[in-house]
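Here's the structure, in structure tokens; my notes come after.
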Amino acid sequence: MNLFADFHARIAAILARLQTEGRLPAELDFGRFVVEPPRDPSHGDLACNAAMVFAKEAKAGFGAPRAFAEAIVAALAREDSVASAEVAGPGFINIRVKPEIYDRIIAFCVNNPGVFGRAASAPGAGKVNVEYVSANPTGPMHVGHCRGAVFGDALASLLAFAGRAVTREYYINDAGAQVDVLARSAYLRYREALGEAVGDIPEGLYPGDYLKPVGVALVAKYGRSLLDQPESQWLAPVRQFAIDAMMDLIREDLKALAIEHEVFFSERSLTVKHGASDAVMAAVDALRAKSLIYEGRLPPPKGQLPEDWEDREQTLFRSTQFGDDVDRPLLKSDGAYTYFASDIAYHRSKFERGFTTMIDVWGADHGGYVKRMKAAVAAISGGAAGLDVKLCQLVKLMRNGEPVKMSKRSGDFVTLRDVVDEVGADAVRFMMLFRKNDAPLEFDLAKVIEQSKDNPVFYVQYAHARGRSTLRKALEAFPDMDLTPAALRSADLALLDDAGERALMALIAQYPRLIEQAAHAHEPHRIAFYLHDLASAFHSHWNRGKDEHGLRFINEEKRFLTHARLALVSSFTAVLASGLAILGVSAPEEMR
RNA sequence: GCGCCCGUAGCUCAGCUGGAUAGAGCGCUGCCCUCCGAAGGCAGAGGUCAGGGGUUCGAAUCCCUUCGGGCGCGCCA
């Protein structure tokens, strides 16, 4: 049902025929040309650039690109779905299809809402792992986390819809120094819960109130038994207890945004010994076996030398062999593994679990880490797996155009929950996706709950509600009309001959192609923009019905025309609902 | 000093693996409701796509360079 893919295949077949006739060279990469919707509707339904892309290769057989294009056009004209094909400009091929092609697409969409646009699973595509959020388990989620969270979740949905086998994963950073700090902070709350006056939370510990219930829960579990123990005794159990509590908190926060991961992967689990070794050691050994590890010295960074720079020999990974700028250390001066070493082991685990496409969603401040991680994935997989890192820029939280102040100290930050409670999950999700991930984003708490066209969330949801309302309204005019998919799909769509109706149909027909491209580019924001465009086309056509009553969807005098128009409305709401579902935003029946 | 990201209308941003005359919303100007939801729509004004070179049939898009902004730069996660 992808009109554009269909014609790409047809034109490829035509080119192949020309190859066997010896008028084109044998080796041509058909992936180089595109069939796309023309920007200017007067150019027809589809435009193809094949004649220009293969101009060089066709020069011997055809001469100028236009002549080559004429040959393709002649072949296209014989296709039964083509109304007309012509050459334009330097060699564009503009194709107009017969209207029934669109009728068929709309009929399919009406009859298979939720399926239209979905791609069949590609056999050789391999499993995809999308890792996102991965916030440190030291407290509730900050508003800064929500962009990556929503982005990763929508991307995963998009890829699944595009036919990929997707796993959503969360990496728990439960092995660093910060979780020890968490444990000490929780232990303090534990003493507090036992009646001790702890006063101000000392510098270096987490001050937030959210640890108080953890202290109480520790008392419930351990009583007073931890009080007179040395830290070496209580640290590990308290740490695990606190981490579990924090992860419960985080899962709750994510649930408020309708986000659910299938796998929570513990960093600490990588350092659990199996005999004499653990996963990190195993990963390093694997690299060593490929001669990618050596003992050496790194040159200091250019420019300002760090204060505590000390030239020393260390264990290095040859990431420069895979495009990194310098080789990267795997051991700290105290002999422990670096975070990078665990990350290598973690991504090695992903590879061993069968993922050949890995997508990591990070904050933009981790941009400096991308090259080494890609290098590591290339090294551990021998080039069999690829890593794409999607960096999400900061969100500037605003209220009525004024920045919302966020002080970092004293644990007084704006939580994700605060924001979701204030404006709702739909608004947060849509706005996080109504911007390219690598562009900064302004999020205005006042604007996103405004019920006006300024607010894209509302604008799109309103279009859906309007469409659904029309279908309900139609039953008042035609109480016996059958609006089930099975009935609507056999509506006589040839009756739809208005330019506004055909424009809407053309836009709907682009949906499968849009899905494919957005999935390929790992860019869910394209869905959001498409839905906004689609909603706009609908609103626009709707308003034409105010001047020309004959264009209204419901026409009491013309039963069959109304039925056909309702089929169009139904396909429209189906695509809106489908796209919104990918974004994780609700498609309301009515606005309240 | 080096690396990555960004620079498009007054503001916030799209621009689909290089495509035809660069788009949308806000703001500004002027319009459209006796009847499917005006919670909407139509029209107008507004651009050296940061500047300069290059690649080619064709560049906002790719390469080089300058300027401007953000992020990062052994042992933190």
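Naming: A, B, ... by sequence-line order, numbering from 1 per chain. Note that these values count all heavy atoms, side chains included, but never hydrogens, waters or copies made by symmetry. On a predicted model such as this, the values are computed, not experimentally measured, just so you know.
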Can you tell me if the side-chain N/O atoms of A:Arg39 get under 4.0 Å from OP1 or OP2 in B:A20? yes

So do A:Ile11 and A:Ile93 actually touch side chain to side chain, heavy atoms under 4.5 Å? no

Counting just side-chain N and O atoms, does A:Lys546 come under 4.0 Å of either OP1 or OP2 of B:C31? no

Applying a 4.0 Å non-hydrogen cut-off, can you work out what A:Asn555 is touching in the nucleic acid: base, sugar-phosphate, or nothing? nothing

When you get a sec, tell me which of B:C13, B:G74, B:C57 is the closest nucleotide to the side chain of A:Arg312? B:G74

For B:G46 versus B:U29, give the span between their C1' atoms, rounded off to a whole number of Å. 12 Å

State which residue, out of A:Arg565, A:Arg544, A:Arg552, fulfils the salt bridge (Lys or Arg N to Asp or Glu O under 4.0 Å) condition with A:Glu501. A:Arg565

B:G3 - base-pair partner by Watson-Crick or wobble geometry, distances under 3.5 Å: B:C71

For B:C42, what is the paired nucleotide under Watson-Crick or G-U wobble rules, both distances under 3.5 Å? B:G30

Cation-pi, A:Phe340 ring and A:Arg328 (6.0 angstrom, 45 degrees): no

My understanding is that a pair needs two contacts under 3.5 Å, Watson-Crick or G-U wobble. By that rule, which nucleotide pairs with B:A60? none

So, do A:Val179 and A:Met246 sit near enough that their side-chain heavy atoms are less than 4.5 Å apart? no

Assign A:Glu590 to base, sugar-phosphate, or nothing according to its heavy-atom contacts below 4.0 angstrom with the strands shown. base

Inter-nucleotide C1' distance (B:G19, B:G58), Å rounded: 7 Å

Just N and O in the side chain of A:Trp542: are any of them under 4.0 Å from OP1 or OP2 of B:A38? yes

A:Arg32 to A:Phe54, cation-pi by 6.0 Å centre distance and 45° axis angle: no

Answer with yes or no whether A:Asn543 presents, from its side chain, a donor or acceptor under 3.5 Å of a partner atom in the base of B:G40. yes

Pair of N/O donor and acceptor under 3.5 Å linking B:G19 base with A:Asn49 side chain: yes

What does B:G23 pair with, Watson-Crick or G-U, if both distances are under 3.5 Å? B:C13

Where the side chain of A:Glu267 is defined as all heavy atoms beyond and including C-beta, which of B:C13, B:A77, B:C71 is the nearest nucleotide? B:A77

So, does the side chain of A:Asp343 form a donor-acceptor pair with the base of B:A77 at under 3.5 Å? no

Which nucleotide in the set B:G41, B:C36, B:G15 lies at the smallest distance from any side-chain heavy atom of A:His525? B:G15

Atom P, compared across B:U61 and B:A9: separation rounded to whole Å: 15 Å

Does B:A38 have OP1 or OP2 sitting under 4.0 Å from an N or O in the side chain of A:Arg466? yes

